[in-house]
Number of protein chains: 2
Amino acid sequence: MRIMPARRVTLKDVAATAGVSYQTVSKVINHQLQVSEETERRVWQAVETLNYRPNHTARALRSQRSFTLGYSWPPSPKDQTNPILDQFLQSIFEAAQERGYYLLCFPYNMDTKQHLETYGELIDTGRVDGFILSSVEYQDPRVLFLLERNFPLVAFGRSDPELFFPWIDVDGAAGIAMVMSHLLELGHVRIAALAWPQSSRVGNNRMEGYFNTLKAAGIDPKPCWIQRGEGRFSFGYEATRQLLDLPKADRPTALIALNDPMAIGAMQAAREHKVAIGTQLVIASFDDTPMVRYLDPPLTSVRQPIWEVGQRIIPMLLDYIETGRLPEPTSVLVTPQLIIRGSTGSQINKQEGG
Amino acid sequence: MRIMPARRVTLKDVAATAGVSYQTVSKVINHQLQVSEETERRVWQAVETLNYRPNHTARALRSQRSFTLGYSWPPSPKDQTNPILDQFLQSIFEAAQERGYYLLCFPYNMDTKQHLETYGELIDTGRVDGFILSSVEYQDPRVLFLLERNFPLVAFGRSDPELFFPWIDVDGAAGIAMVMSHLLELGHVRIAALAWPQSSRVGNNRMEGYFNTLKAAGIDPKPCWIQRGEGRFSFGYEATRQLLDLPKADRPTALIALNDPMAIGAMQAAREHKVAIGTQLVIASFDDTPMVRYLDPPLTSVRQPIWEVGQRIIPMLLDYIETGRLPEPTSVLVTPQLIIRGSTGSQINKQEGG
DNA sequence: GAAAGTTAGGCGAACGTTCGCCTTAATAAA
DNA sequence: TTTATTAAGGCGAACGTTCGCCTAACTTTC
């Protein structure tokens with residue numbers, strides 16, 4: 001036998017107490033204002049004393065809306081933690097709650113077909129009104145699926161330019177460009193990059209900042225400076241060893257990594273090569289994982305305004321859902337922030353950096 | 001105007017196609033088997049061709065169940081990442097989906113009263129059938145609130161012994177005891193601890209392992225070996241500086257931290273004192289944040305079986321919800337795993353450690 | 001002072017299920 | 001045969017809302 005918490009208070013109870021029909025109570029609660037002030041007062045009074053709360057399920061059934069948003073994200077590899085997950089989730093939960101929505105979270109299934117099946121189920125069973133996507137890639141199957149079904153979504157991250165859908169993204173190119181300018185100002189000319197494969201959309205965006213800045217400075221990057229691999233510690237370590245073994249004339253004096261784990265690997269390699277980090281080799285990265293401020297030396301990194309992304313992505317999705325029209329603007333680019341620390345030598349910001 | 005995705009397929013559509021009443025279709029779908037095989041076949045056939053899926057909201061309204069579980073967790077401080085969040089979430093999402101449930105996640109509100117208000121709303125509006133709690137403390141207001149409302153919950157973490165409710169927890173005492181035994185085997189006698197304040201339930205559990213092991217070994221820990229503070233890098237750093245300034249006879253040769261950030265702070269302090277980590281000062285900690293395997297030296301740490309906790313906590317809650325009786329067993333203690341790395345000197349596991 | 005307009009609020013229906021009861025026909029027992 | 005038993009499936013109601021329409025009373029207008 002199931003648990004039956006004390007019987008729920010319904011519209012009819014409130015109506016009985018207030019001495020009106022239950023439909024009138026509904027009107028009051030939904031601010032339909034074909035109700036006299038006197039009646040309204042009485043109804044609210046009854047709502048108060050009975051501690052009435054509209055049944056969400058009934059409301060959802062009748063109005064054909066669930067006031068629920070779906071979200072699923074790819075789990076991080078076992079040797080890394082997702083540095084932005086917690087903050088992003090808290091931010092979207094809060095922004096959603098503010099507008100009367102909650103988030104339904106579901107597992108990320110590595111099998112694409114099964115994963116899309118879950119999206120389909122959530123749509124067809126009416127459990128969600130729209131989706132948040134993240135870690136969007138080129139020709140992302142989730143995007144294609146939802147576009148085809150014409151179901152509301154907003155993505156954290158872009159995809160192919162010809163796919164038209166609402167998104168918000170951190171301007172990775174601008175972030176890396178800030179790092180590059182910083183390095184150029186420090187006098188560095190031979191700047192290496194630890195990047196992702198060219199199939200990575202995020203990686204390519206960030207690398208734009210690398211190429212464009214160098215081009216503007218009239219520097220032609222040697223191909224060997226650009227190392228591509230998966231964004232793990234081990235790749236950063238190996239790639240940096242190779243970079244440090246280059247002949248002196250080619251050997252980079254500065255290095256940017258597209259994420260923190262690669263940078264930490266690079267630091268390890270530098271340490272083993274007896275290369276002083278921050279002077280002989282300057283290192284910077286992207287993401288500003290909380291822990292990197294405690295590395296030795298503290299790591300210069302680009303911080304994404306994650307809270308802001310969360311606060312903005314939710315209204316975009318809700319406007320889309322509630323009006324049925326694409327949000328304006330349909331795409332948003334937010335600028336990250338460069339946090340300068342000891343790993344790029346300059347001691348101008350020995351403090352925490354926020 | 002709202003988006004109206006192609007009209008949903010309902011029971012009636014299926015019934016029309018199969019040539020039966022819609023209630024009969026319902027019976028087939030719910031395996032009520034007062035249906036001939038022939039009819040059943042036809043119905044499933046129709047379900048297939050129309051791609052029918054039962055409307056979740058209607059089902060929830062009628063059956064007074066939402067098939068949804070609520071979860072909220074305290075956000076981690078800005079200078080730390082929660083090392084287990086992602087894995088725990090993925091695990092509970094998966095376990096829940098397997099039994100036909102999804103998770104409704106909502107923001108953690110620092111204002112306790114408002115936070116409980118959210119729990120109450122989710123209950124009263126019928127949005128969830130039960131709650132998962134984590135980071136449970138002594139006299140936890142969420143536990144007290146839900147117990148009073150007699151609403152199903154299962155906690156990841158214990159509270160006061162006299163509060164009777166279902167929980168699953170990692171045996172922190174056993175975890176620290178494993179570390180301590182390891183350190184004793186290595187010959188250490190003066191072992192310090194970086195702990196949380198005594199108001200911390202998790203901290204006290206873990207410290208049991210410290211005290212019990214020392215007692216069993218006939219060692220009486222000096223009060224100055226036990227440093228208590230908030231579990232941050234900065235506290236670990238400061239406390240370790242003090243420990244290293246103790247007169248030689250008192251100075252610890254080994255140190256356990258109740259979490260990784262404190263241990264990393266300790267490593268920093270040791271480095272600045274020119275004390276060799278892993279030989280002159282041995283350091284171990286708790287949680288095994290993915291990144292600590294890449295520290296220099298790699299950090300010995302206790303790893304919690306988070307995936308398992310997630311896989312077990314969900315069936316506990318669902319059994320509770322579906323039968324209305326407390327799950328059996330009502331409380332579960334799982335044992336963590338010691339991952340030995342360079343920071344405790346022994347090189348027996350120079351590999352990744354999983 | 002009658003026609004027209006406005007307003008408060010009641011009523012029936014509908015959203016898409018599940019549930020319990022009832023009917024009918026087929027089968028078994030007497 | 002007649003009666004009791006069972007199985008298959010139909011039917012009405014209910015879950016708790018929202019929505020649109022209708023009525024009655026009251027107000028305005030010429």
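In what follows, every heavy atom counts, from backbone to side chain, and hydrogens, waters and symmetry copies are set aside. None of the values given here were measured: they were computed from a predicted structure. Letters A, B, ... are given to chains in the order of the sequence lines, protein chains preceding strands, and every chain is numbered from 1.
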Problem - Atom-to-atom span, CZ of Arg127(B) to P of dT17(D) - whole angstrom - result: 14 Å
Exercise for the section: Would you mind reporting whether Phe164(B) and Glu162(B) have side-chain heavy atoms less than 4.5 Å apart? Expected result: no
Problem - Under-4.0 Å side-chain N/O to phosphate OP1/OP2 contact, Gln64(A) with dT17(D) - result: no
Handout entry: Along DNA chain D (nearest heavy atom to each residue), the more 5'-positioned of Val20(B) and Ile29(A)
Key = Val20(B)
Handout entry: Test: Arg142(B) cationic atom under 6.0 Å from Phe145(B) six-membered ring centre, within 45° of axis
Key = no
Exercise for the section: Give the C-alpha distance, both sets of side-chain angles, the deciding distance and a yes or no for salt bridge (charged side-chain N to carboxylate O under 4.0 Å, His left out) between Glu38(A) and Arg42(A). Expected result: CA-CA 6 Å; Glu38(A) 160 62 13; Arg42(A) 281 217 319 285; 3.3 Å; yes
Exercise for the section: May I ask you to verify if any side-chain N or O of Ser21(A) is less than 4.0 angstrom from the OP1 or OP2 atom of dC11(C)? Expected result: no
Exercise for the section: Ignoring backbone atoms, test whether Tyr52(B) places a side-chain nitrogen or oxygen under 4.0 Å from the OP1 or OP2 oxygen of dT17(C). Expected result: yes
Exercise for the section: Measure from CG on Asp13(A) to P on dC15(D) and round the result to the nearest Å. Expected result: 11 Å
Completion exercise
From CZ of Arg8(A) across to C1' of dA14(D) the rounded distance in Å is 16 Å
Problem - Any Asn55(B) side-chain N or O less than 4.0 Å from OP1/OP2 of dC15(C) - result: no
Handout entry: Asn30(A) CG - dG20(D) P separation (whole Å)
Key = 12 Å
Problem - dT18(D) base / Arg62(A) side chain donor-acceptor hit below 3.5 Å - result: yes
Problem - Phosphate OP1/OP2 of dG9(C) contacted by Ser36(A) side-chain N/O (<4.0 Å) - result: yes
Practice task
Indicate whether OP1 or OP2 belonging to dG9(C) is found under 4.0 Å from a side-chain N or O atom of Thr39(A).
Solution key: yes
Practice task
Could you walk me through whether Thr68(B) and Arg127(A) pass side chain to side chain donor-acceptor pair (under 3.5 Å), step by step?
Solution key: CA-CA 10 Å; Thr68(B) 306; Arg127(A) 286 192 83 136; 2.7 Å; yes
Practice task
Using a cut-off of strictly less than 4.0 Å, decide whether Arg59(B) has a side-chain nitrogen or oxygen near OP1 or OP2 of dG16(C).
Solution key: no
Handout entry: Between P of dG10(C) and NZ of Lys12(A), the distance in whole Å
Key = 14 Å
Handout entry: Spacing between Lys27(A) atom NZ and dG12(C) atom C1', to the nearest angstrom
Key = 12 Å
Completion exercise
Between Gln23(B) and Glu37(B), the residue closer to the 5' end of DNA chain D by nearest nucleotide is Glu37(B)
Problem - dC15(D) OP1/OP2 closer than 4.0 Å to side-chain N/O of Ser63(B) - result: no
Fill in the blank from the handout: Rounded to whole Å, the OH-P distance (Tyr22(B) to dC19(C)) equals 14 Å
Handout entry: Over 12 non-hydrogen atoms of neighbours within 6.0 angstrom of CZ in Arg312(A)
Key = no
Handout entry: Spacing between Leu11(A) atom CG and dA14(D) atom P, to the nearest angstrom
Key = 17 Å
